[in-house]
Amino acid sequence: MAGEQAAQGPLIARIDAASRLPQDPAGGASLEPLLADWCNSEARAGLVDLIEQEPVRTLIAGVVAGSPYLKSEIVRNPDRLEAILRNSPEQRFADLTQKLGTRLAEVREMTEAMTALRVYKAEVALMTALADLGGIWGVMQVTRVLSEAADAALRGAVRFLFRQAAAKGDWLPEDPDEPEQGSGYIVLAVGKYGAFELNYSSDIDLIVFYERALARLKPGLEAPTFFVRLTRDLVRLIDERTAAGYVFRTDLRLRPDAGATQIALSTDAAAQYYESFGQNWERAALIKARACAGDIEAGEAFLAELAPFIWRRNLDYAAIADIHAMKRQIHAFRGFGAGIGVAGHNIKLGPGGIREIEFFVQTQQLIAGGRQRNLRTRRTLDTLATLVALAWIEKPVADEIIGAYLYLREIEHRLQMVADEQTHVVPDDPVRLEAFARFAGYASAAEFSEALRAVLVPVQGHYARLFESAPELTAAGANLVFAGETDDPDTVAALTRMGYARPSDVLAIVRGWHHGRYGAVRTARARELLTEVQPLLVQAFAETADPDRAITTFDRFLAALPAGVQLFSLLKANPPLMRLLADMMGTAPRLARILSRRRRLLDAVIDPRTFRALPTATELDEAIAAELKDAIDPQDVLDRARVIGSEQAFLIGVKVLSGAINAGEAGTAYAVLAERLIAAMVDDVEKEMERAHGRVPGGGAVVVAMGKLGGRELSASSDLDLIVVYDFDPSATQSDGEKPLAPSQYYARYTQRLIAHLSAPTAEGTLYEVDMRLRPSGQKGPVAAQLSTFREYQATEAWTWEHLALTRARVITGPPGLRSAVEAAIRDTLVRPRDRAVISKDVQDMRARIAADKGTDRIWDLKQVRGGLVDLEFIAQHLQLIHAAAHPEVLDQNTLAAYRKLAEAGVLSGADAERLTQATRLLHNLTQILRLCLEEPFDPATAPSGLKALLARAGDAPDFATLEGELAETLAGVATRFSELVQ
């Protein structure tokens with residue numbers, strides 16, 4: 001009994017001089033101005049006498065010197081300080097709490113209630129600080145008092161609000177004095193607040209629910225509206241800053257799917273969420289949950305209902321992955337403690353900190369609490385004792401962890417007392433660090449640093465041993481925290497370093513996945529698999545050309561998937577597919593858009609046969625015919641053509657990205673696809689023309705591929721250079737259908753319809769952009785040329801540049817006889833004898849005009865830069881044109897084949913052919929990647945590492961820097977060869 005009486009004695013008599021009292025660097029002089037001021041007041045004489053006693057003077061002087069916040073509270077109300085010193089802190093806390101309840105029962109206005117709550121909190125805060133700093137209360141007693149103060153504030157505030165609602169007639173209470181009882185309105189304290197472990201300047205984590213069946217509302221008033229409004233007023237009462245300060249910072253973001261739900265949620269909706277979408281970090285938060293205000297009985301009943309979600313029966317080792325993701329320091333390892341600094345160290349989140357101790361405990365609870373009910377404890381120290389009793393950890397380890405926890409919580413309180421800030425970071429400024437060390441009761445910063453490190457290093461070691469087999473979260477070793485509803489600052493910084501421009505958006509996207517907002521992540525199994533692959537996905541997206549676009553595109557793709565288990569299982573089992581998917585999403589936007597619109601392509605990507613061989617022309621014809629055969633009308637034909645065309649182009653792009661085919665093979669594949677689609681569209685156009693206008697006697701038309709298509713060098717974004725040549729029976733004057741047309745009109749309309757079939761936008765996009773400017777007379781001439789006109793024009797009117805273009809002409813559709821005739825006309829034109837000097841001068845002039853109009857010194861403008869593709873193509877075309885008369889075998893539409901044939905004919909040296917061939921291959925390879933990946937010019941200064949690595953691979957270089965050097969050297973060599981060969 002005597003001991004109890006001593007424990008209840010006045011605060012002034014219980015200050016422990018042997019404890020680490022705060023120290024005044026000025027030797028007590030910091031207190032003198034206050035004492036001098038108080039000495040002038042007769043009412044302060046008693047307070048001065050109290051403070052002049054030791055160890056009170058040491059305590060108060062250290063407080064005034066080290067804490068601007070506590071000093072301001074002392075100066076604001078010296079009478080309060082005197083009352084605190086003269087009374088038992090335990091009894092005073094009980095009296096203050098009782099008076100708060102009485103005062104809140106009396107007031108009628110929100111402003112009055114807010115003031116009463118803030119006056120209460122201010123006195124409790126000062127009293128608690130002095131009891132803590134004076135060694136009167138241990139750290140866990142301090143956390144208990146702060147938590148009980150929060151309970152008192154919340155319960156009083158809730159009761160006040162229900163009384164207001166009852167006065168308005170909105171609420172119909174059973175007991176007017178306690179209107180919240182039996183209301184079904186549940187305020188849960190979660191996290192450290194639920195465990196009665198609040199720190200000095202802590203916010204309070206709350207989750208608010210309501211039981212619809214218990215709501216006693218006036219008729220016509222909806223429960224969601226009422227309870228959300230009441231919760232909003234509750235937050236205002238507790239959280240809002242006024243002239244009197246605030247009560248507690250309030251955080252409601254631990255509620256189910258906080259980004260998409262109201263601040264008060266029905267228990268039915270909450271139960272369904274936790275059962276269907278609840279995550280391991282939410283289980284960890286609810287371990288400590290308790291009903292703290294409102295209808296306590298309903299709250300405890302609801303927590304009992306949630307017990308199967310929180311405490312799983314089976315050993316849940318999969319939960320460890322989420323614990324890893326929630327804590328970034330899982331990669332701590334033995335010996336790393338040598339690198340722990342004190343200045344600037346975060347004693348909560350940093351190595352060896354409070355969070356590691358909490359997670360050390362919570363991990364064991366998540367794994368085994370479902371089977372061992374005695375692990376279902378809220379307080380950290382209680383759980384540590386239970387873990388010792390269960391032989392999960394050894395007692396010496398537990399003792400060391402407990403000692404560290406108590407010490408770190410004490411330092412945490414002192415950090416927060418300085419300015420009433422929710423900080424956990426030791427000052428990094430030497431002057432401020434020295435001042436804080438004195439406030440924490442140490443003689444110097446060096447002494448404090450030694451003591452703190454002696455605690456941090458062992459804790460980190462114990463934590464490292466617990467998770468020493470933890471898998472690496474990302475390829476780059478970045479530990480990313482996506483749990484919870486707040487953006488972890490270190491994760492934001494890590495994502496920024498990884499290349500994300502909008503890291504907060506990334507965090508929101510990933511949190512949305514785990515909240516089960518899409519069908520693909522609706523099942524627990526899908527989310528478990530997602531947890532395993534998510535860090536590597538985030539890393540893979542970061543290595544693409546545009547990480548933000550990659551993850552945003554993947555998010556849209558995921559939203560469209562009906563289920564995700566198959567996808568996530570495939571990604572887990574096949575990491576290269578993850579990289580490929582990331583490349584598609586970020587590095588190749590065209591592929592990403594197609595994949596997002598057409599989920600059936602995922603099956604094709606997954607199919608190993610996709611990477612074995614390119615489809616033949618016959619196989620493409622079969623696939624196109626199968627797609628078009630069920631078309632219900634002409635519009636449907638166009639839509640279906642675009643579907644099959646974009647899908648087949650997509651698969652070619654996948655092969656390029658994966659390295660399954662090289663640029664030359666890709667160019668041919670894109671060209672074959674275009675030819676087969678053109679052939680299919682020609683067939684449909686001919687049927688349409690025949691239905692509407694009949695046939696032209698003896699008539700027929702061919703499509704001549706020019707440019708990249710003619711040379712079988714198409715890329716993902718190439719347009720089609722085409723010429724349509726037709727012919728008919730000379731005696732025919734019109735077609736033989738119901739609406740006859742003259743032959744020229746017939747084939748003009750034929751060509752216009754073909755262009756529309758290929759390029760008109762529909763709901764499924766376009767097939768190709770079509771360029772007809774290489775036809776005879778260009779844009780001034782008719783869209784289709786009769787064979788005789790084509791021959792005549794090429795023989796008498798065509799310019800040198802048109803004959804250069806003709807070296808790439810290739811007939812790809814049409815009746816055999818007309819095809820042969822057009823091919824003969826082209827060949828006859830190209831094998832005519834040429835004046836080399838004239839051709840060379842024309843080519844040089846054309847190159848100069850192009851340089852003046854589009855010239856650049858950017859080496860990554862691979863087409864227009866000197867020594868680029870324009871020069872390479874001009875060299876090949878120039879040499880073919882001047883040598884074809886004597887050596888017709890040099891003609892070939894493909895640039896690489898042309899160089900080979902020119903060398904074989906002896907008109908180009910083997911060395912030159914080798915250099916030009918290597919240059920062409922390099923530029924084609926790089927062009928294929930850039931056209932596939934980017935819609936804007938490539939800038940190496942801003943391009944991410946992933947795209948650079950892809951380009952280096954395409955260019956057969958060990959790294960991007962080497963590639964750039966080789967590219968610059970190659971361009972310079974081609975420019976030189978152009979000057980020497982085109983003359």
Side-chain angles (χ1 to χ4, degrees), residues 675 678-679 681-682 685-686 689-690 693-707 709-710 719-737 740-759 770-834 839 842 877 880-881 884-885 888 891 893:
E675 289 172 29
I678 291 170
M681 294 300 95
V682 163
V685 167
E686 288 178 348
M689 292 297 295
E690 186 173 352
H693 307 290
R695 290 177 173 272
V696 175
V702 299
V703 176
V704 182
M706 307 287 287
L709 176 57
D719 57 9
L720 304 183
D721 292 301
L722 303 178
I723 297 175
V724 173
V725 180
Y726 65 90
D727 205 6
F728 56 91
D729 188 324
S731 63
T733 58
Q734 61 181 22
S735 61
D736 57 12
L741 294 174
S744 59
Q745 290 178 300
Y746 186 97
Y747 288 107
R749 189 163 300 181
Y750 169 100
T751 304
Q752 290 162 348
R753 287 195 178 186
L754 177 59
I755 295 172
H757 270 55
L758 294 171
S759 63
V770 177
D771 190 339
M772 305 287 290
R773 288 175 296 178
L774 291 178
R775 67 185 187 270
S777 300
Q779 291 177 319
K780 297 179 181 178
V783 291
Q786 189 174 357
L787 176 59
S788 57
T789 302
F790 179 79
R791 284 199 188 102
E792 180 67 21
Y793 180 84
Q794 297 298 342
T796 61
E797 299 182 45
W799 296 72
T800 298
W801 69 265
E802 291 176 287
H803 286 171
L804 291 171
L806 209 60
T807 62
R808 296 165 72 81
R810 187 165 55 86
V811 183
I812 58 174
T813 69
L818 183 57
R819 289 184 66 150
S820 297
V822 174
E823 288 168 350
I826 294 170
R827 184 177 179 82
D828 290 346
T829 302
L830 294 178
V831 298
R832 285 169 35 200
R834 309 279 174 172
I839 299 300
D842 285 347
Q877 292 164 14
Q880 287 180 94
L881 211 55
L891 293 175
Q893 298 91 351

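Index from 1, following the sequence.
- Heavy-atom neighbours of R749 CZ from other residues, nucleotides or ligands within 6.0 Å: at or below the threshold of 12.
- Note: Q877 CD to L830 CG = 10.5 Å, rounded to the nearest 0.5 Å.
- In terms of modelled atom types and a separation under 3.5 Å, the side chain of S759 and the main chain of V770 share no donor-acceptor contact.
- A donor-acceptor contact shorter than 3.5 Å is absent between the side chain of R775 and the backbone of A785.
- With contacts defined as side-chain heavy-atom distances shorter than 4.5 Å, the pair W801/D842 does not qualify.
- Of the possible polar contacts, one joining the Y747 side chain to the G700 backbone as a donor-acceptor pair under 3.5 Å is found.
- In terms of heavy-atom proximity, A705 sits nearest to I812 at CB-CG2, 3.9 Å.
- Side-chain contact between E823 and V702 is absent, with no heavy-atom pair separated by less than 4.5 Å.
- Pairing each heavy atom of V696 with each of F728, the nearest pair is CG1-CB, 3.6 Å.
- Here the closest heavy-atom approach between residue F790 and residue P776 is recorded as CD1-CG, 3.8 Å.
- Judged as a salt bridge (charged side-chain N to carboxylate O under 4.0 Å, His left out), and not counting sequence neighbours, the contacts of R810 are E675.
- We find the OG1-OH distance between T789 and Y726 to be 6.5 Å, quoted to the nearest 0.5 Å.
- The OH atom of Y746 lies 11.0 Å from the OG1 atom of T751; values are rounded to the nearest 0.5 Å.
- Residues satisfying the side-chain hydrogen bond (donor to acceptor under 3.5 Å, both in side chains) criterion with D729, sequence neighbours excluded, are S731.
- To the nearest 0.5 angstrom, E792 atom CD is 12.0 Å from Q786 atom CD.
- Shortest non-hydrogen contact noted between A821 and R791 is CB-NH2, 4.1 Å.
- When all heavy atoms of A805 and L774 are compared, the pair lying nearest together is CB-CD2, 4.2 Å.
- Within 6.0 Å of the CZ atom in R832, the count of heavy atoms belonging to other residues, nucleotides or ligands exceeds 12.
- When side chains are defined from C-beta on, I723 does not count as touching V822, because their heavy atoms never get closer than 4.5 Å.
- Here CE of M706 is found 10.0 Å from CD of Q893. Values are rounded to the nearest 0.5 Å.
- Of all non-hydrogen atoms in H693 and S735, the two that sit nearest each other are O-OG, 2.6 Å.
- Heavy atoms of other residues, nucleotides or ligands lying less than 6.0 angstrom from CZ of R834 number more than 12.
- Here CD1 of I826 is found 11.0 Å from NE2 of H803. Values are rounded to the nearest 0.5 Å.
- Screening D771, V783, I755, L709 for a side-chain contact (heavy atoms from CB on, under 4.5 Å) with L722, the sole residue that qualifies is L709.
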